[in-house]
Number of protein chains: 2
Amino acid sequence: MLRKLAYRNLPQLFLKAREELLCHFRPIITHFGLTEQQWRILRALGEHEEMEPREICETCHILSPSMTGVLSRMEEMGLITRERMAGDQRRVLVRMTPKSDKLVSELGPLIVEQYKIIEQSFGPELIQQLYEVMDKVIAAERAPIARVALPPKKDWTNITG
Amino acid sequence: MLRKLAYRNLPQLFLKAREELLCHFRPIITHFGLTEQQWRILRALGEHEEMEPREICETCHILSPSMTGVLSRMEEMGLITRERMAGDQRRVLVRMTPKSDKLVSELGPLIVEQYKIIEQSFGPELIQQLYEVMDKVIAAERAPIARVALPPKKDWTNITG
DNA sequence: GTTGACTGACTAATATGTTAGTGATTGAAT
DNA sequence: ATTCAATCACTAACATATTAGTCAGTCAAC
């Protein structure tokens, strides 16, 4: 029996659209030996001089457990430094190194150029619409949204049919 | 030195907006013991009766190497069956089981309900705008987009500063 | 009938996502 | 001074993402 839901899969559309955008930037990023996440972090650090891990988590949308590994690798690569804060031994300060600063100064302009190319192709209106709609969705976050009532939990693992 | 790029990080905005949507569906999906990816696959199978792995990859935006593992686990859980095609031994047919059919019949309506709730909260216009803009971006895929020229590759791993 | 390009699923290795939980540290209330 | 909840980075365990490559099966050309 075929089951077709009334709504198209919206998160999946986001996934596809995001990939369609990202595929134009990925070659640039990997050309410099970085991963997407590492570039997000360097881009953020390029605007803030020093940041704490949890700030980077929020800004770059990377969960804390992933962040630990990413920062460790970036530290090994000489792209960042980590230093415990004097006043609060729980907290950590992350900074760029001269090496990553140089890297960003080369990579950044290429990213901007690619944006311009995409803007030409998509049309500036579409880019503008994108920013607007994204901001609206993100703003909607503030208004609490109800959740459907869930039925009692079954253990589907042990149901044969 | 602070470096601020001329364009906001658009793929990152997609990531955030997608997460803002998904967080309203995730609890429903995990309540039934599924992952996001598993649900995407079941939803697709619910509309197609039988699919080949590479079709599922395209439809659900999951890369082939991930698909192997996901399908293996779903087969173990009794959610799908895999069968080699008679005519072409390379190809495989994936189908739902009575168990997963029952699961989708319970889960599907809850997802639809949650969409309605979100539509109320976001406003129907925003949902409509979302579908429109996403489709535009995805449609833009067809027009080939140029790539910025990349400088000669350096090995940033071994540069000190 | 062999060859050779191609296809489709799969494997391998590494990085990240996701959920739950730990342990040290802090700060407010006792 | 002590207790207690909260905070923050981190660990653990598993699932998925990403890139590259393997391997058997197919199909067309020779």
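Every chain is numbered from 1, with letters handed out A, B, ... down the list of sequences. Everything numeric in this text was worked out from a predicted model, so none of it was measured.
The residue among B:E36 and B:R90 whose nearest nucleotide of DNA chain D is located toward the 5' end is B:E36. The residue among A:R54 and A:E19 whose nearest nucleotide of DNA chain D lies closer to the 5′ end is A:R54. Between B:T30 and A:R73, it is A:R73 whose nearest contact on DNA chain C lies nearer the 5' terminus.
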- Task: Could you please spell out the steps behind the side-chain contact (heavy atoms from CB on, under 4.5 Å) verdict for B:L126 and B:E119?
- Result: CA-CA 8 Å; B:L126 179 52; B:E119 196 170 29; over 6 Å; no

- Test log, rule side-chain contact (heavy atoms from CB on, under 4.5 Å), inputs A:E20 and A:H24: CA-CA 8 Å; A:E20 165 54 21; A:H24 303 297; 3.3 Å; yes

- Evaluate salt bridge (charged side-chain N to carboxylate O under 4.0 Å, His left out) for B:E113 paired with B:K116, printing each intermediate quantity in order. CA-CA 5 Å; B:E113 278 313 303; B:K116 289 181 183 167; 3.6 Å; yes

- Start with the C-alpha distance between A:R8 and B:D135, add both sets of side-chain angles, then the distance that settles side-chain contact (heavy atoms from CB on, under 4.5 Å), and finish with yes or no. CA-CA 12 Å; A:R8 293 164 67 195; B:D135 285 334; 2.8 Å; yes

- Task: I would like to know whether A:M85 and A:V92 meet side-chain contact (heavy atoms from CB on, under 4.5 Å); could you show each step before the answer?
- Result: CA-CA 5 Å; A:M85 278 184 67; A:V92 168; over 6 Å; no

- Message: Walk me through whether A:E106 and B:R3 qualify under salt bridge (charged side-chain N to carboxylate O under 4.0 Å, His left out).
- Response: CA-CA 11 Å; A:E106 293 199 26; B:R3 307 182 183 284; over 6 Å; no

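Listed by chain and residue number, nothing satisfies the salt bridge (charged side-chain N to carboxylate O under 4.0 Å, His left out) test with B:E49 (two or more places apart in sequence, or in another chain). By the ring-ring contact (aromatic ring centres under 6.0 Å, His included) test, B:Y115 pairs with A:Y7, B:F25, sequence neighbours left out. A:R147 pairs by the salt bridge (charged side-chain N to carboxylate O under 4.0 Å, His left out) definition with nothing, not counting sequence neighbours. Residues passing the side chain to side chain contact (heavy atoms under 4.5 Å, CB included) test with B:Q37 are B:T35, B:R40, B:I62, sequence neighbours excluded. Checked against side chain to side chain contact (heavy atoms under 4.5 Å, CB included), A:E50 has the following partners two or more places apart in sequence or in another chain: A:L93, A:R95.
Using a distance-only test at 3.5 Å, with no hydrogens or angles considered, no donor-acceptor pair links the side chain of A:H31 to the main chain of A:L107. For A:S100 (side chain) and A:I80 (main-chain N/O), no donor-acceptor pair under 3.5 Å exists by modelled atom type. Remark: side-chain polar atoms of B:S105 are paired, donor with acceptor, to backbone N or O of B:K102 under 3.5 angstrom. Using a distance-only test at 3.5 Å, with no hydrogens or angles considered, a donor-acceptor pair links the side chain of B:K99 to the main chain of B:M77. Not one N or O on the side chain of A:S121 forms a donor-acceptor pair closer than 3.5 Å with the backbone of B:I145.
Near DNA chain D, meaning a heavy atom under 4.0 Å away, the residues from residues 63-70 of chain B are B:L63, B:P65, B:S66, B:V70. Within residues 40-53 of chain A, the residues having any heavy atom closer than 4.0 Å to DNA chain D are, in order of number, A:P53. Within residues 80-88 of chain A, the residues approached by DNA chain D to less than 4.0 Å at the level of any non-hydrogen atom are A:R82, in residue-number order.
The side-chain hydrogen bond (donor to acceptor under 3.5 Å, both in side chains) analysis of residues 54-67 of chain B, with sequence neighbours excluded, yields the pairs B:E52-B:R54.
In DNA chain D, runs of at least 3 consecutive Watson-Crick or G-U pairs, each pair with both distances below 3.5 Å, span C:1-30 with D:1-30.
Interface limits on DNA chain D: the 5'-most and 3'-most nucleotides within less than 4.0 Å of chain A heavy atoms are D:dT7 to D:dT19. Of all nucleotides in DNA chain C having an atom under 4.0 Å from a heavy atom of chain B, the first and last in 5' to 3' order are C:dT7 to C:dT19.
Residues B:M74 and B:V70 have side chains in contact (heavy-atom distance under 4.5 Å, counting atoms from C-beta outward).
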